[in-house]
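Contents: one structure, followed by commentary.
All values derive from a computational prediction rather than experimental measurement. Note: hydrogens, waters and symmetry copies are ignored here, and every other heavy atom, side chains too, is used. Chain letters run A, B, ... following the sequence lines, proteins first, then strands; residues in each count from 1.
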Amino acid sequence: MAFDKKHILGLGELSAEEIKVILDTAESMKEISTRDVKKVPTLKGKTVVNLFFEPSTRTRSSFEIAEKRLSADVLNFSASQSSVVKGESLVDTARNFEAMGASIMVIRHGMSGAPFVLARQINASVINAGDGSHEHPSQALIDIFTIREKKGKIEGLNVLIVGDILNSRVARSNIFGLRKLGANVRIVGPATIVPEYFSEMGAEIFHSLEHAIENVDVVIMLRVQSERKTLEYFPSLREYSGLYGLTREKLKLAKKDVIVMHPGPINRGVELTSEIADDPGAVILEQVANGIAVRMAMIYLVALGESL
Amino acid sequence: MATKKKIQPLEDKTESFFSRIIDDIPSERLGSLIIIGIKTRGEYLGKRLVERIGERTGRDVTFGTIDITLYRDDFENRKNWPQLRRTSIPDDVQGKNIILVDDVLYTGRTVRAAINSIMDYGRPASVKLAVLVDRGGRELPVQPDYAGINIETLDDEMVNVYLEEVDGREEIEITREDGV
C-alpha cells in the first residue's frame, strides 16, 4: 500500500499520495456509520489512549467514536485531572500508558511540536490531534475530504481561508494539504494575523475579504480564538466582524456553488452570520460527520504501520 | 528460483457455473435474493450472475459488494493488507436470501470474514456460497454450495483467476515458486 507511516504528525510530513490514501480509506470507513451495527472488529484487543493536554469536546469525542467503531479499547486522559498536576512529564505519562499496553496515542497539546517529541521517545504510534499553533492534521483532512466529496476533486479549486491564520493550526494543515493536492489557496485577514511570510507556503495573501472571495469554490472560516489571544491582534471584535465576518452580500462575490466550511465551534454573528451557518451551502455539520470516518482512517492506517 | 506456471482457460465454465446456480434458485425466492460479490474478482462474477439471472428470468436482483479487509484475522500480517475499498450493500439484508460470490475458495477465512461482515447489516434468512474455483486446503469448516471448477493444488501453489473486466483475459493461473 502507498501508506506505511507509523505516525501521523502533520500534513507537512505527508506526500500527496499518502494524503490520498487517507482520503480513500476514509471513504470506505464512512459506509460503516450507515450500518445497523456501526462497528468493525479490526482493532479488537488493541488499546488507544487519547492524551488531551488542552480542553476539547468535539475532537476528543470524534476520535473516541472512531476508535470504538474500529473495536479498539479506549482510554481518555485529560491534563486537568491527572498526574500532570503532580508534575509528571509528557513522555513519562505516555510511557506509563505504553506499559499498560497502549499501542496508539492520540495527543493534543498546547506546545507546537509536542507530538513529534513523543513520537521520537515512545514505541507506540502517535497521531497529532492539534499541537499549539502548528498543525491539526485530522481537521484539515476532514476539510479536504469534505471538499473532495462536494466538488469531486481538489486540483485547480480556489480555496479561501478567512481569519486568524497566524494562530491557527487548522489553517497551516489545510495550506499544506490543499497545496500538495493542487488547489489554489488564498488567505485573508488583518495584516497582524495574516503575515506576508505565509506566501512561502504557497498561499496568496489578501487583506480585503471582498477581493479575496471573488471566484472562490470554497470558503473556510476560522474561529476567533479567544484562548489563543486572537483578539489582541485587532482593535475590536466588532471591527473584525464588520471587515472579515461572512455575510450573504460578500458570499455573492464567490462562485455560485460555493461551499462554506468552519472547523467549529462557530461564533454566530462573529465569523459568519446565522443565516449563512444554516444555509444549504454551509457544510459545517457534514464536516463533523465526516470527522469520524477520517479519524477511523487515520487510526486504521497507523495501526497497520505500527511495529508492535 | 524458478516460477512454474500452469494456465487453464475458463472458456464456458463460468457460464455453466452461473446456469447451475440459477437452475437451483426457486422462482419465489428471486424477490428476496441478494447477490454479494467479494472484492475484487467476486464483484465481477457477482455482476455477471445478476445479468444472467436478468436474462433468464426477467427479474432485477439486488447486487452488493463486500470488502472483507476490516474483518481479517491476520493482523500480524497487516503490512500486506490491501488498500481498503468500499463495501456496498444497498438493501436491508434482514430476512433476505444471500448468495456470496467469490473467485477462489481456499482456506475459508475470507468467507468467514464475509459472513461476519454481512451479519453486521442484519440477520439474513440464508447465506449460500458460490465459488468459481474450489482449490481445497480448507482451514475452517466452510463448504461451497456451488463450485464451478474443482482443482487439486499443493499448499505452496498460488491460484489466480483472471477475468475479462479487470484483466482482459479469462483463465485460471496456477503458479509455484520452485526453491533451489
Revision key, fill the gap. Per-residue tally against chain A (heavy atom, under 4.5 Å) across B:Gln94, B:Arg85, B:Met119 peaks at B:Arg85

Revision key, fill the gap. Taken to the nearest 0.5 Å, the spacing of B:Asp73 CG from A:Thr42 OG1 works out to 12.0 Å

Check your understanding: Counting only heavy atoms not in B:Arg20, do more than 12 fall under 6.0 Å of its CZ?
Key -> yes

**Study point:** A:Met29 versus B:Leu84, closest heavy-atom pair with distance
**Key:** CE-CD2, 3.7 Å

Check your understanding: What is the minimum heavy-atom distance between A:Arg35 and B:Asp120, and which atoms define it?
Key -> CB-O, 4.2 Å

Review point. More than 12 foreign heavy atoms under 6.0 Å from NZ of B:Lys13: is that the case here?
Key: yes

Point to revise | Considering all heavy atoms, the nearest A:Leu304-B:Lys79 contact | key: O-NZ, 3.8 Å

Practice item. Look at the side chain of B:Arg86 and the backbone N and O of A:Glu31, then say whether any donor-acceptor pair between them is shorter than 3.5 Å. Key: no

**Study point:** Proximity breakdown for A:Lys39 and chain B, heavy-atom pairs closer than 4.5 Å
**Key:** backbone

Check your understanding: Distance from A:Asp36 atom CG to B:Ile89 atom CD1, nearest 0.5 Å?
Key -> 11.0 Å

Point to revise | Neighbour count above 12 (heavy atom, 6.0 Å) for B:Asp155 CG | key: no

Check your understanding: In terms of heavy-atom contacts, does CZ of B:Arg29 have more than 12 from other residues, nucleotides or ligands at under 6.0 Å?
Key -> no

Check your understanding: Counting only heavy atoms not in B:Asp60, do more than 12 sit closer than 6.0 Å to its CG atom?
Key -> no

Exercise for review: Answer yes or no: are there more than 12 heavy-atom neighbours, outside A:Lys44 itself, under 6.0 Å from its atom NZ?
Suggested key: no

